[in-house]
Amino acid sequence: MKLIEAIIKPFKLDEVKDALNEIGVEGITVSEVKGFGRQKGHTELYRGAEYVVDFIPKVKIEIAIADELAAKVVETIENTAKTGRIGDGKIFVMSLDEALRIRTGEKGNDAI
Amino acid sequence: MKLIEAIIKPFKLDEVKDALNEIGVEGITVSEVKGFGRQKGHTELYRGAEYVVDFIPKVKIEIAIADELAAKVVETIENTAKTGRIGDGKIFVMSLDEALRIRTGEKGNDAI
Amino acid sequence: MKLIEAIIKPFKLDEVKDALNEIGVEGITVSEVKGFGRQKGHTELYRGAEYVVDFIPKVKIEIAIADELAAKVVETIENTAKTGRIGDGKIFVMSLDEALRIRTGEKGNDAI
Amino acid sequence: MEFMTAAEIRAKYGVLKEIVGGGWLRLKPGQVTDDTEMSLCVARAVVAANGWSREGIAANFAAWLRSKPVDVGDTCRRGIRNYMLKGELETPYNQWDAGNGACMRMLPVSLCTLGDDRLLARCAVEQAHITHNHPFSDAACIYLGKLVHLAVLGYSKTRLRRELEGLLTSHENFRFEPYRGLASGYVVDTLQTVFHYFFTARDFEDCLIKVVNQGGDADTTGAIAGMLAGAYYGEENIPRRWLKKMDRKVVDEVSLLAERLVTLSPWAAAR
Ligand SMILES: Nc1ncnc2c1ncn2[C@@H]1O[C@H](COP(=O)(O)OP(=O)(O)O)[C@@H](O)[C@H]1O
Ligand SMILES: Nc1ncnc2c1ncn2[C@@H]1O[C@H](COP(=O)(O)OP(=O)(O)O)[C@@H](O)[C@H]1O
Ligand SMILES: Nc1ncnc2c1ncn2[C@@H]1O[C@H](COP(=O)(O)OP(=O)(O)O)[C@@H](O)[C@H]1O
Ligand SMILES: [Mg+2]
Ligand SMILES: [Mg+2]
């Protein structure tokens, strides 16, 4: 199993969730984070205002997924979250040793 | 060493912390996250219409732990965080290449 | 590639960011978290007030970095974030299977 | 009533005899959920193809999953997702696949295979394996189909009970006398609940009220009991007041599909 972590522009969250739903993925965990990027002093639109600040609000999505489906999930997030402009974000893929669904005790691919 | 990440129902946090203390685990890092999954959001009244807020507040716990204690930690969280109702959450286990305690420079199992 | 996760005292964030810039690292993702430590009931200074509460505000920094630069990044954070007093925090290092820059589709070391 | 225990139901409703909606999914009265919707996927696929079509069923399951249904079982989601992303029509054997998710879709399978036991067995297992691959689930699906066939053709409860002995002999764990009162999503518990109340109930309403008030996986035990009791007691035995509360469009479509499915069956072809 893999844990996919994507850092994306906040306004892209709904679109990414919908795109994931199209490939049967519904379970995800989301957090609000602050991004600091390679490109300095660029402006980004956030809640209707232009920012020229050092941190930019981002959204982090975590998705645990079976190995054989990981590439498809990465591709889906990439295609949906992309605007082509600076700050679109990153996708990281990590290996999970174990996953467990607390409610039922199911492990491995049955947990997610 | 392992990094255990648990996504649980917020009201279970204190209980889980106490249960972890009971087995000698005190160091944990907690963050507030939003969960999307089979458990559906609460309804809110907005401009006279009821709508479903699609995310559910969850709490994420991260615990770095020595390999030989990981199974016990997972079991403890599972038993304490479980209500048997949808939305109880997940536990993920990842491998750590390295851990370091900033204050002392200690590494490995002595760091956590 | 590695994913470095550092839990540090919030007031140390700017110092750590500057130190990382000095060694050519600009891309980082930051989140606000709550720390629970081995030391119970200790006080910490936070925004000019002394806390004797069970959780302490911390900042989590995530940095994806090429393998050969990981040790340098860890050392930099350690030296900058350290005060020598309880609660300085931890640094964890994980392996990344894959990294991708959403804007360009670049993978691996070119993504970060 | 789904996910409530029998005691919780008694405390809250006494005995629930009316369609009231609510529950963990906050449903409107008469709104249907995954049991009905997945059955509709099967029925529509068979009618559209004028015969059995495993591919058509899977495609309908996928379209249904994408439509953000009000609930989807974990095992069903995984199986349908594997079809969406890998084109697999059969999920590999899994010891944890002994849930009731495949059984709850058996009514359309039974109708279109009326008159042919071998066809029933093949189709029952083919549709089941899209999401659930386990011998307990397979056996349960096949026997539910056989009982529906007998019921629709007018046989007595005694005859049905005799047919069921075949399942109880090959799979002792399905024995429901004495009834243990378990009504979870585990296919053995589900079928024990359905069989216990079906064989002891006096009519459709009595059977359904008792099954649903047992709690547990109540939407599915209710759906399967409804399938058996409906086939056995006939349409006129369904309480008018319940039918009035059902989503009109669903009722109309189900009636239409049911008739079409039977006309496609070997039994109809032989007339
Ligand atoms: N090395 C890194 N490790 C972790 N997060 C990063 C890293 N580099 C960038 N990020 C995250 O990705 C976001 C976008 O990065 P940025 O460099 O601004 O643009 P781009 O991804 O388009 O090249 C940042 O705001 C930050 O949240
Ligand atoms: N594949 C996944 N990856 C990451 N987090 C997930 C995943 N699936 C579920 N979650 C998290 O677990 C929570 C509970 O999941 P849910 O599907 O509602 O119920 P259950 O865990 O009882 O099956 C979600 O709100 C979300 O935070
Ligand atoms: N095992 C652990 N796993 C994850 N985070 C931890 C762990 N131990 C400590 N932490 C984090 O590090 C912070 C500092 O830890 P603490 O034990 O108070 O002091 P020190 O790091 O100086 O020994 C905690 O507030 C918590 O955020
Ligand atoms: Mg259901
Ligand atoms: Mg059900």
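Residue numbers begin at 1 in each chain, while the letters A, B, ... track the order of the sequences. The shown structure was predicted, so the numbers you read here are calculated from the model rather than taken from an experiment.
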Do Arg85(B) and Arg103(A) have side chains that get closer than 4.5 Å, going by heavy atoms? no
If the contact rule is any heavy atom under 4.5 Å from chain B, which residues of residues 14-28 of chain A qualify, in numerical order? Lys17(A), Glu26(A), Gly27(A), Ile28(A)
With a strict 4.5 Å heavy-atom criterion, list every residue of residues 70-80 of chain A that contacts chain B, or say none. none
Test side-chain contact (heavy atoms from CB on, under 4.5 Å) on Phe36(B) and Val30(A) and set out the steps. CA-CA 8 Å; Phe36(B) 295 84; Val30(A) 170; 3.6 Å; yes
State, to 0.1 Å, how close Ile102(A) and Ile7(B) come at their nearest heavy-atom pair, and which atoms those are. CD1-O, 3.9 Å
Among the options Asp54(B), Thr83(B), Val33(B), Ile8(B), pick out the one with the most heavy-atom pairs lying under 4.5 Å from chain A. Val33(B)
Where do Leu96(A) and Met94(B) land on the side-chain contact (heavy atoms from CB on, under 4.5 Å) test, with the steps shown first? CA-CA 5 Å; Leu96(A) 284 184; Met94(B) 278 158 273; 3.7 Å; yes
Does this structure show an ion pair linking Lys2(B) with Glu98(A), if we count only N-O contacts that are shorter than 4.0 Å? no
Residue among Lys60(B), Gln39(B), Lys58(B), Arg38(B) with most heavy-atom pairs under 4.5 Å to chain A: Lys60(B)
Considering non-hydrogen atoms only, spot the tightest contact between Glu32(B) and Ser31(A) and give its length. O-CB, 4.4 Å
When rounded to the nearest 0.5 angstrom, what distance separates OG1 in Thr29(A) from NZ in Lys90(B)? 8.5 Å
Between the CE atom in Met1(A) and the CZ atom in Phe92(B), the distance rounded to the nearest 0.5 Å is 9.0 Å
Non-hydrogen atoms of chain A under 4.5 Å away: do they reach the side chain of Lys82(B), the backbone, both or neither? both
Is it the backbone or the side chain of Ala111(A) that comes under 4.5 Å from a heavy atom of chain B, or both, or neither? backbone
Does any heavy atom of chain A fall under 4.5 Å from the side chain of Ile56(B), the backbone, both, or neither of them? neither
